[in-house]
Amino acid sequence: MKGSLELRRCDPDNDMDIIVNLEREIFKPSEQYTLGFINWLCRNCTNYSYIAFMDGKPVGYIISCIEGLGKGHVISVGVLSNYRRMGIGNALICRSICSMAERGY
């Protein structure tokens with residue numbers, strides 16, 4: 001993988017614009033979540049959701065939640081097209097699942 005990859009936990013107070021912009025760049029309009037739903041997800045699923053940065057630029061994200069006892073759910077995961085096939089999506093999924101496992105889910 002070229003460049004420096006950093007995975008940072010989503011901060012609902014500061015990362016909404018990043019998530020919305022990535023959502024708009026990655027997915028077709030018919031596949032995009034509404035701003036209200038993204039806001040709800042970011043506020044309620046923060047512990048298991050991450051943004052991927054390559055050399056300081058946001059290039060992907062994952063939003064995951066816990067649903068009931070012991071049920072994790074990946075709501076959305078995406079990586080910008082120019083950064084695909086570099087292991088970023090895999091890193092996001094692994095980090096999210098590991099954060100759930102660390103909390104006993």
Side-chain angles (χ1 to χ4, degrees):
M1 179 181 318
K2 296 178 183 176
S4 172
L5 178 65
E6 174 194 359
L7 301 181
R8 190 183 79 210
R9 191 181 309 260
C10 288
D11 175 353
D13 294 323
N14 297 305
D15 292 337
M16 276 294 301
D17 288 342
I18 293 172
I19 297 290
V20 168
N21 288 336
L22 286 169
E23 176 87 4
R24 302 300 180 245
E25 287 184 59
I26 294 168
F27 300 105
K28 298 177 205 172
S30 62
E31 299 170 337
Q32 296 171 7
Y33 289 124
T34 65
L35 180 60
F37 188 57
I38 293 171
N39 185 28
W40 185 89
L41 288 171
C42 286
R43 298 223 170 268
N44 292 284
C45 302
T46 304
N47 290 330
Y48 316 105
S49 301
Y50 294 86
I51 299 173
F53 294 86
M54 183 68 76
D55 295 326
K57 175 186 177 182
V59 298
Y61 75 98
I62 187 167
I63 297 176
S64 301
C65 287
I66 296 296
E67 296 177 356
L69 293 175
K71 292 183 182 178
H73 182 82
V74 174
I75 306 292
S76 185
V77 61
V79 175
L80 294 174
S81 60
N82 290 343
Y83 293 88
R84 292 181 186 154
R85 310 207 52 81
M86 299 171 71
I88 296 169
N90 186 54
L92 285 164
I93 289 171
C94 288
R95 176 67 58 89
S96 183
I97 290 171
C98 285
S99 68
M100 288 183 218
E102 288 168 3
R103 291 178 181 249
Y105 292 107

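Only this structure's heavy atoms are used, side chains among them; waters, hydrogens and symmetry mates stay out.
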Are any non-hydrogen side-chain atoms of [X] and [Y] less than 4.5 angstrom apart?
X	Y	value
M86	L5	no
L41	I19	no
C65	I75	yes
R9	N47	yes
I38	R43	no

Walk me through whether V79 and R85 qualify under side-chain contact (heavy atoms from CB on, under 4.5 Å). CA-CA 9 Å; V79 175; R85 310 207 52 81; over 6 Å; no
Mind checking the [atom1]-[atom2] spacing from [X] to [Y]? Nearest 0.5 Å is all I need.
X	Y	atom1	atom2	answer
Q32	T34	CD	OG1	10.5 Å
I51	N14	CD1	CG	10.0 Å
L92	S64	CG	OG	9.0 Å
F37	C42	CZ	SG	10.5 Å
N44	T46	CG	OG1	7.5 Å

Could you go through R8 and D15, starting from their C-alpha distance and side-chain angles, then the distance that decides it, and tell me whether this counts as side-chain contact (heavy atoms from CB on, under 4.5 Å)? CA-CA 10 Å; R8 190 183 79 210; D15 292 337; 2.5 Å; yes
Is the side chain of S96 donor-acceptor paired with the backbone N or O of Y48 at a distance under 3.5 Å, no angle test? yes
Worksheet entry | Any donor-acceptor pair under 3.5 Å from E25 side chain to L80 backbone |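 Looks like no, no N/O pair under 3.5 Å.
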Legend entry - Steps toward side-chain contact (heavy atoms from CB on, under 4.5 Å) verdict (I26, Y61): CA-CA 10 Å; I26 294 168; Y61 75 98; 4.2 Å; yes
Looking at every heavy atom in both [X] and [Y], which two are closest together, and how far apart are they?
X	Y	result
C45	I63	CB-CG2, 4.0 Å
R24	Y33	NH1-O, 3.1 Å
A91	L7	O-CD1, 3.5 Å
L22	P58	CD2-O, 3.7 Å

For F27, the ring pair (Phe, Tyr, Trp, His ring centres under 6.0 Å) test, sequence neighbours excluded, returns none
* Is it the case that more than 12 heavy atoms not belonging to D13 sit under 6.0 Å from its CG atom? -> yes
